[in-house]
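Working notes, structure below.
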Amino acid sequence: VFDGSELKKYENKALAIRTEKGAPDSLLTSTTFYFHQNQLVKVEEWGDKEYKKVYVDWYFWEGRCLYYTLQKDRADERAALLLTMADGLLKIMNKVR
């Protein structure tokens, strides 16, 4: 979603299907990036596996993660990855516009 020439929101949904022990296993995920003045401010993620949804929110300001709701050991690594992904999205989307 663009507001004039500025990217405000980018959503990516994915369906992953794998076979484990002969049975298919699927995972539906969504990652939504929110921008303000070409800076990442929030990411919403959710995953749905067998009707069990998990939600995670990330809050950013001036290129660093301020707060997140993920309770895992590698959450800081995920925050850094999201910042890198957001930078890439901005570069690509600004070229397209």
task: Begin with the C-alpha distance, continue with both residues' side-chain angles, and end with the deciding distance and a verdict on side chain to side chain contact (heavy atoms under 4.5 Å, CB included) for Lys49 and Val54.
output: CA-CA 9 Å; Lys49 183 175 182 177; Val54 176; over 6 Å; no

- prompt: Considering residues at least two apart in sequence or located in another chain, which fulfil the salt bridge (charged side-chain N to carboxylate O under 4.0 Å, His left out) criterion with Lys42?
  reply: Glu44

message: Which label fits His36 and Trp61: parallel for a plane angle under 30°, tilted from 30 to 60°, or perpendicular past 60°?
response: parallel

field: Check: Asn12 main-chain N/O paired with Thr31 side-chain donor or acceptor under 3.5 Å
entry: no

field: Verify same cluster id: Val43, Val56 (apolar side-chain graph, 4.5 Å)
entry: yes

query: Do Leu90 and Leu81 belong together in a cluster built from hydrophobic side chains that touch within less than 4.5 Å?
result: yes

- request: With sequence neighbours left out, write down each residue that passes side-chain contact (heavy atoms from CB on, under 4.5 Å) with Ala80, or none if nothing qualifies.
  value: none

- prompt: Of all heavy-atom pairs between Gly63 and Gln39, which one has the smallest distance, and what is that distance?
  reply: N-OE1, 4.1 Å

query: Hey, what do you get for CG (Leu89) to OG1 (Thr84), rounding to the nearest 0.5 Å?
result: 11.0 Å

field: Qualifying salt bridge (charged side-chain N to carboxylate O under 4.0 Å, His left out) pairs with a residue from residues 65-78, counting only residues at least two apart or across chains
entry: Glu45-Arg78, Arg74-Glu77

CG-CZ distance between Leu66 and Phe60, expressed to the nearest 0.5 angstrom: 8.5 Å

- prompt: Quick one: CH2 on Trp46 to OG1 on Thr29, what's the gap to the nearest 0.5 Å?
  reply: 7.5 Å

Heavy-atom pair with the smallest gap, counting every atom of Ser26 and Leu15: CB-CD1, 4.1 Å

message: Using 0.5 Å steps for rounding, measure from the CZ atom of Phe33 to the CG atom of Leu82.
response: 5.5 Å

query: How many angstroms lie between atom CZ of Arg64 and atom CG of Leu83, to the nearest 0.5 angstrom?
result: 11.0 Å

statement: Scanning both residues in full, the closest heavy-atom pair of Ile17 with Pro24 reads CG2-CB, 4.5 Å

query: Do Leu70 and Trp58 touch side chain to side chain, with heavy atoms closer than 4.5 Å?
result: yes

query: Between atom CD of Glu50 and atom CG of Asp48, what is the distance when rounded to the nearest 0.5 Å?
result: 9.5 Å

- prompt: Run the side chain to side chain contact (heavy atoms under 4.5 Å, CB included) check on Lys9 and Tyr34 step by step: do they pass?
  reply: CA-CA 5 Å; Lys9 177 180 175 182; Tyr34 295 90; 3.8 Å; yes

